[in-house]
Amino acid sequence: MSPSPMSPSHPPHPPNTPHPPNTPHPPNTPHPSNTPSPSNTPHPTSPATTPANPFTGSAATTDAWRHLRLTLDSGVATVTLTRPDKLNALTFGAYADLRDLLPELARDGSVRALVLGGEGRGFCSGGDVDAIIGATLAMDTRRLLDFNRMTGQVVRALRECPFPVVAALHGVAAGAGAVLALAADFRVADPTARFAFLFTKVGLSGGDMGAAYLLPRVVGLGHATRLLMLGDTVRAAEAERIGLISQLVPEGEAADAALALARRLADGPALAHAQTKALLAAELDMPFSAAVELDAATQALLMNSADYAEFHAAFTAKRAPRWRGV
């Protein structure tokens with residue numbers, strides 16, 4: 001590295017001493033090699049300047065979530081609603097934590113599957129009557145719109161996160177709780193599970209948080225009309241029959257079965273799972289020709305992935321694939 005030119009009448013400056021105004025370094029010219037950079041400036045190749053995810057900005061990750069419990073285990077995230085005395089009724093804070101958590105896990109890149117469950121006797125009884133319904137009566141239209149957009153952002157985050165979400169269902173899943181379950185990619189339930197889209201029973205539209213979009217695509221328009229218009233409770237046997245439950249397991253086993261499914265997904269080809277989830281969402285509203293073209297482009301991308309090559313290597317060697325998710 002060439003030293004910066006200096007006037008012959010001035011001796012070199014000691015380390016970390018700025019040049020006087022009449023002898024500046026030329027633009028973009030580094031300090032001489034014998035002049036160390038300040039101690040708080042990382043070396044260009046140090047880990048401080050090469051984070052695992054190069055697309056992170058200034059925001060730090062959240063150290064603790066106040067309105068839910070998060071555990072991480074080898075690619076599986078478990079998110080538990082933790083108000084068992086209120087049947088895990090949602091507060092403004094719980095909505096906000098869910099809204100913020102899911103994009104944060106997506107940016108982290110290490111989560112390959114997620115389990116969403118509730119502590120105690122049920123999954124989630126919906127919005128807290130006092131903490132939310134009572135509070136919204138005093139809000140103006142602008143604040144009400146902010147709140148309703150936030151609840152929708154939670155559902156969008158569940159649908160758009162790049163990993164499969166498995167809902168572990170027991171007891172009640174009502175109102176917003178039913179929509180959270182609906183937004184999952186898989187719903188694993190035991191016979192105590194029951195669903196109720198209660199919005200019309202409180203004087204609101206049944207199409208809350210995207211329910212009028214998602215539910216007909218899961219159970220068909222006829223069943224969705226009945227469930228959203230009347231708000232009646234659907235018990236586990238009927239929910240399985242109409243396709244609202246992905247897997248029905250013996251009583252008390254929903255959490256373990258959901259975790260086992262999440263582990264299977266996390267140990268599999270995560271990039272293929274992420275792209276499959278994205279295509280299932282995107283192609284719901286596409287013409288067939290556009291969907292086929294998107295499928296072709298996606299497969300071409302994945303044929304360049306390490307997992308695709310790993311399948312061939314494992315097949316040739318007659319061994320199980322070692323998926324890396326890349």
Side-chain angles (χ1 to χ4, degrees), residues 57-70 79-107 114 116 118-120 122-161 165 167 172-184 195-218 224-233 281 284-285:
S58 302
T61 56
T62 305
D63 294 325
W65 299 93
R66 291 185 295 157
H67 305 283
L68 51 82
R69 183 170 62 249
L70 170 68
V79 177
T80 307
L81 304 174
T82 54
R83 295 186 74 206
D85 56 319
K86 300 285 188 179
L87 285 174
N88 300 311
L90 298 168
T91 61
F92 294 132
Y95 278 118
D97 269 4
L98 287 168
R99 174 201 63 195
D100 297 341
L101 169 66
L102 291 157
E104 190 168 303
L105 293 177
R107 288 192 299 272
L114 182 145
L116 178 62
E119 187 176 289
F123 175 69
C124 176
S125 59
D128 188 289
V129 172
D130 295 322
I132 289 186
I133 296 180
T136 54
L137 293 174
M139 291 182 182
D140 61 21
T141 301
R142 179 176 178 179
R143 185 56 60 88
L144 289 168
L145 185 57
D146 288 342
F147 164 63
N148 282 282
R149 283 175 171 163
M150 176 176 68
T151 66
Q153 287 165 357
V154 174
V155 175
R156 284 188 59 185
L158 288 166
R159 296 304 310 140
E160 295 175 4
C161 60
V165 175
V172 66
V179 184
L180 293 182
L182 176 64
F195 301 82
F197 297 87
L198 296 172
F199 306 109
T200 59
K201 292 194 172 185
V202 302
L204 296 176
S205 163
D208 195 34
M209 299 168 62
Y213 179 93
L214 293 173
L215 191 58
R217 289 163 168 80
V218 173
T225 300
R226 174 171 57 93
L227 298 183
L228 295 182
M229 195 80 73
L230 300 177
D232 290 344
T233 297
L284 284 172
D285 302 303

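Bear in mind that the values here come from a model prediction, so they are computed numbers and not experimental data.
Heavy-atom neighbours of R156 CZ from other residues, nucleotides or ligands within 6.0 Å: at or below the threshold of 12.
Considering every non-hydrogen atom in both A211 and P216, the closest pair reads O-CD, 3.7 Å. In plain terms, the two heavy atoms of A178 and A173 that are nearest each other are CB-O, 3.3 Å. The shortest non-hydrogen separation linking S205 to F199 is O-CB, 3.1 Å. Closest non-hydrogen pair, V179 versus M209, comes out as CG1-O, 3.7 Å. Scanning all heavy atoms of the two residues, the minimum distance from G120 to P84 falls at CA-CB, 4.0 Å. For the residue pair G231 and A196, the shortest heavy atom distance occurs at O-CB, 4.2 Å.
Between the side chain of N88 and the backbone N or O of R83 there is at least one donor-acceptor pair closer than 3.5 Å. Although no hydrogens or angles enter the test, the distance criterion places a donor-acceptor pair under 3.5 Å between the side chain of T200 and the main chain of M229. A donor-acceptor distance shorter than 3.5 angstrom exists from the side chain of S125 to the backbone of K86, with no hydrogens or angles considered.
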Anything under 3.5 Å between a donor and an acceptor, one on a side chain of residues 130-138, the other on a protein residue two or more places apart or in another chain? List them.
from	atom 1	to	atom 2	distance (Å)
T136	OG1	I132	O	3.2
T136	OG1	I133	O	2.8

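Between M150 atom CE and L145 atom CG the span is 12.0 Å, to the nearest 0.5 Å. Here L81 contributes atom CG and F123 contributes atom CZ; the two are 6.0 Å apart, rounded to the nearest 0.5 Å. Taken from CG in L180 to OH in Y95, the straight-line distance is 7.0 Å, to the nearest 0.5 Å.
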- Task: Evaluate side-chain contact (heavy atoms from CB on, under 4.5 Å) for L68 paired with E119, printing each intermediate quantity in order.
- Result: CA-CA 10 Å; L68 51 82; E119 187 176 289; over 6 Å; no
- Item | Verdict with reasoning, L215 to L182, per side-chain contact (heavy atoms from CB on, under 4.5 Å) | CA-CA 7 Å; L215 191 58; L182 176 64; 3.8 Å; yes
- Check against side-chain contact (heavy atoms from CB on, under 4.5 Å), R217 and D285: CA-CA 11 Å; R217 289 163 168 80; D285 302 303; 2.9 Å; yes
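Side-chain contact between L198 and V202 is absent, with no heavy atoms from C-beta onward closer than 4.5 Å. Residues D100 and T62 fail the side-chain proximity criterion, which asks for heavy atoms closer than 4.5 Å. The shortest distance between side-chain heavy atoms of E104 and T61 falls below 4.5 Å. V79 has its side chain within reach of L114: a pair of non-hydrogen atoms, C-beta onward, lies under 4.5 Å apart. T151 has its side chain out of reach of L90: every pair of non-hydrogen atoms, C-beta onward, lies at least 4.5 Å apart. Side-chain contact between F197 and D208: absent, with no pair of heavy atoms (C-beta onward) separated by less than 4.5 Å. The shortest distance between side-chain heavy atoms of T82 and R66 does not fall below 4.5 Å. Looking at heavy atoms from C-beta onward, Y213 lies out of side-chain contact with R159 at the 4.5 angstrom threshold.
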